[in-house]
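Input: a single structure, listed below in structure tokens.
All chains are named by letter (A, B, ...) in the order of the sequence lines, taking the proteins before the strands, and each is independently numbered beginning at 1. Quick caveat: nothing in here was measured; it's all calculated off a predicted structure.
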Amino acid sequence: MSKHYWLFKAEPHIYGIDHLNAAPKKIGRWDGIRNYQARNFLRDQVAIDDEVFIYHSSCKNVGIVGTAKVVKTAYPDPTQFDPESDYYDPKSTQENPRWVSVDIQVTQTFPRIIPLAEIKAQPKLENMVLIKQSRLSTQPVTKAEWDYILKMV
DNA sequence: GCCAACGTTGGC
DNA sequence: GCCAACGTTGGC
């Protein structure tokens, strides 16, 4: 099975590349995904060693900040069971969890952010899901898009 | 199953 | 803070 490429969005003040880099082995849990389309990608397609762009959204400098690889595939997102969590889902049960997490490990922290504006300005990237469907928090990236963006670093 | 109302995401 | 896009909820 060939490797897949992804883009995961995060609000950096809540959980971003800085948090991952500060964690042991730079590994962290990607949790709090509460959108079915995004969940389905995580649950059904994200595999070990898949590569991920980390994207910072809803902040001053929006854009891609680095890469990570998948080190653990989908398992129930523990925050859905925690009444204290912002991501608590009372309709989710241990027997039938709705939401999943994966673990990722930072592989590269770019020396600069690749701004969304620059990505939008590239004709070769005009079909990226990031551009076409702005509200999806975990999304596939093609190999061509992946390689092209790495050259923009 | 339709659709209006409402809530959230996310760029600017 | 504004607002467009779009996801979710709930009445019928």
Using a 4.5 Å cut-off between side-chain heavy atoms of Ile, Leu, Val, Met, Phe, Trp and Tyr, which other residues end up in the same hydrophobic cluster as A/Trp146? A/Tyr5, A/Leu7, A/Phe53, A/Tyr55, A/Val62, A/Ile64, A/Phe110, A/Ile114, A/Leu116, A/Ile119, A/Leu125, A/Met128, A/Leu130, A/Ile131, A/Val141, A/Tyr148, A/Ile149, A/Leu150, A/Met152, A/Val153
Taking only nitrogen or oxygen atoms into account, show me every contact under 3.5 Å that the protein makes with nucleotides 6-10 of chain C, one pair per line with its distance.
residue: C/dC6; atom: O4'; partner: A/Arg135; partner atom: NH1; Å: 3.0
residue: C/dC6; atom: O2; partner: A/Arg135; partner atom: NH1; Å: 2.4

Polar side chain donor-acceptor pair, A/Trp99 to A/Asp89, under 3.5 angstrom: yes
For A/Asp86, is the CG atom crowded, meaning more than 12 foreign heavy atoms sit under 6.0 Å from it? no
In residues 9-21 of chain A, which residues come under 4.0 Å of DNA chain B by heavy atom? A/Lys9
Modelled atom types, side-chain donor and acceptor of A/Thr79 and A/Arg34, under 3.5 Å: yes
With a 4.0 Å cut-off on N to O distance, would you call A/Asp147 and A/Lys151 a salt bridge? no
Is there a side-chain contact (heavy atoms from CB on, under 4.5 Å) between A/Thr109 and A/Val65 once you walk through the steps? CA-CA 6 Å; A/Thr109 302; A/Val65 296; over 6 Å; no
With heavy atoms under 4.0 Å as the rule, sort A/Ser58 into base, sugar-phosphate or nothing. base
For nucleotides 2-5 of chain B, give me every protein contact, N/O to N/O, under 3.5 Å, one pair per line with atom names.
none

Which residues share a side-chain hydrogen bond (donor to acceptor under 3.5 Å, both in side chains) with A/Trp6, sequence neighbours left out: A/Asp50
Selection residues 57-93 of chain A - residue pairs positive for ring-ring contact (aromatic ring centres under 6.0 Å, His included), sequence neighbours left out: none
Pick base, sugar-phosphate or nothing for A/Lys120, based on heavy-atom distances below 4.0 Å to the nucleic acid. sugar-phosphate
Distance-only polar pair, side chains of A/Gln37 and A/Gln133, donor-acceptor under 3.5 Å: yes
Just do the side-chain contact (heavy atoms from CB on, under 4.5 Å) check on A/Phe8 and A/Gln139 with the steps written out, would you? CA-CA 7 Å; A/Phe8 289 3; A/Gln139 54 182 259; over 6 Å; no
